[in-house]
There are 2 protein chains.
Amino acid sequence: MKENRYDDPVFFEKYSQMPRSQGGLGAAGEWEEMQTLLPDFAGKRVLDLGCGYGWHCVYALEHGAAQVTGVDISERMLAVAREKTGNGNARYIRLAMEDADFPAASFDVALSSLALHYVADFGEMAERIYRWLAPGGTFVFSMEHPIFTAYGSQDWYRDEAGNILHFPVDNYFNEGPREAVFLGERVAKYHHTLTTILDGLLRRGFQLRRVVEPQPPERMLDMEGMRDELRRPMMLLVAAQRA
Amino acid sequence: MKENRYDDPVFFEKYSQMPRSQGGLGAAGEWEEMQTLLPDFAGKRVLDLGCGYGWHCVYALEHGAAQVTGVDISERMLAVAREKTGNGNARYIRLAMEDADFPAASFDVALSSLALHYVADFGEMAERIYRWLAPGGTFVFSMEHPIFTAYGSQDWYRDEAGNILHFPVDNYFNEGPREAVFLGERVAKYHHTLTTILDGLLRRGFQLRRVVEPQPPERMLDMEGMRDELRRPMMLLVAAQRA
């Protein structure tokens, strides 16, 4: 299923109110750790899969990328991305990332921020990205953590008074679609095991460089709900290298 | 804490009744997948950390290992291991694996089966293992999965009738000791995040070759409780290579 929730005006409006939508990369809890996984962008050809508002495309250009290609299924997201990029050397393509196709060795860096959990077949996607990368190229991504996606609801288990008891895990080895609620709207995502993600990359020839579960930085811990983020991992950050 | 539960006669007796203690490797649910991670043992110098009954030492010898060194804190376990090994070219050393020390490049293969979750400092242990391995040497291990160790009790969350609801995760980023019940006895283990384990190996120079969460094989699914093993991962299998 290639769902285009972000072109639903209500969903898009809610998304645009999120701190990370308003404040950009610096407002994203995982950004500080994500930065430590990024390669040097100088002179590189960069692909961003599920580029959304284009924050990472702009960042790559600001850090010397020779050209940037952003792919996203949502026209509304791309409109914002184009506006943010201004005259930068970027092209934006409206496609589900599963439908994108590029000649072999077209890019030096592939990025994907919180989008791969919308893809049904992680391994097939990894295989295509491997092909699009030049030898030695890097693939850096964040996605929802298997612990976070397994159960489905993506919500805490609470007592009758509404207090958090713990985070539930179930159906872990039953990979496939999950229906979660995000910003009060139903969103279809896919649960992949850690094996499918990491062993999937290794089996397709990638070398793993970094595997990080980000924790919110100290300075954000007093934001509402942020301390609960220390109770279970929500995201997985990975840096991999093509042979 | 270097706990020696296995020299407690009651605990040892209970352990000796487990299917995996009686039936050996073939009776361990993860063994079939573990085998796919193992290197060729022919002519290799093999170290087994937390060798227990010595099943893996015997296996390595049967598959051509030149010599095998088993380390375990429990004298009772080592007595069984010595008996099982017979005249094989093995030496057994009674030590907590944290206290073991060997000259650099002493081994070609380091193994550890379900023992590293008893070690407080995973990174320090990985560093020492790296040093003990010869260049190109491999480190293959199984340990309890971070999802399994985070909460502490290692038990399902159940309804009032005792039915399993799900598996609880909490305190994920709070690494350190946990007290679980195993075979009806209290056992001290350590929770490590996936980041500490995998990124810890990568940062110390290991390359990751395989990362696998084993599922019980089809033929074991009708054993009591085995289908529940598909509801959450219990173990992590890793094959890593020294540069």
Among B:Leu194, B:Asn171, B:Leu198, who wins on heavy-atom pairs under 4.5 Å with chain A?
B:Leu194
Which of the residues B:Asp228, B:Ile197, B:Thr193, B:Val169 is involved in the greatest number of heavy-atom pairs with chain A at under 4.5 angstrom?
B:Val169
Between B:Pro233 and A:Phe173, what is the shortest heavy-atom contact and its length?
CA-CE1, 3.9 Å
Within 6.0 Å of CZ in B:Arg186, more than 12 heavy atoms from elsewhere
no
For B:Glu218, does the CD atom have more than 12 heavy-atom neighbours from other residues, nucleotides or ligands under 6.0 Å away?
no
How many angstroms lie between atom CG of A:Leu165 and atom OH of B:Tyr157, to the nearest 0.5 angstrom?
5.0 Å
Under 4.5 Å, heavy atom to heavy atom: which of residues 203-215 of chain A reach chain B? Give them by number, or say none.
A:Arg203, A:Gln207, A:Leu208, A:Arg209, A:Arg210, A:Val211, A:Val212, A:Glu213, A:Pro214, A:Gln215
As a test of understanding, state which of A:Arg232, A:Arg231, A:His166 forms a side-chain hydrogen bond (donor to acceptor under 3.5 Å, both in side chains) with B:Asp170.
A:Arg231
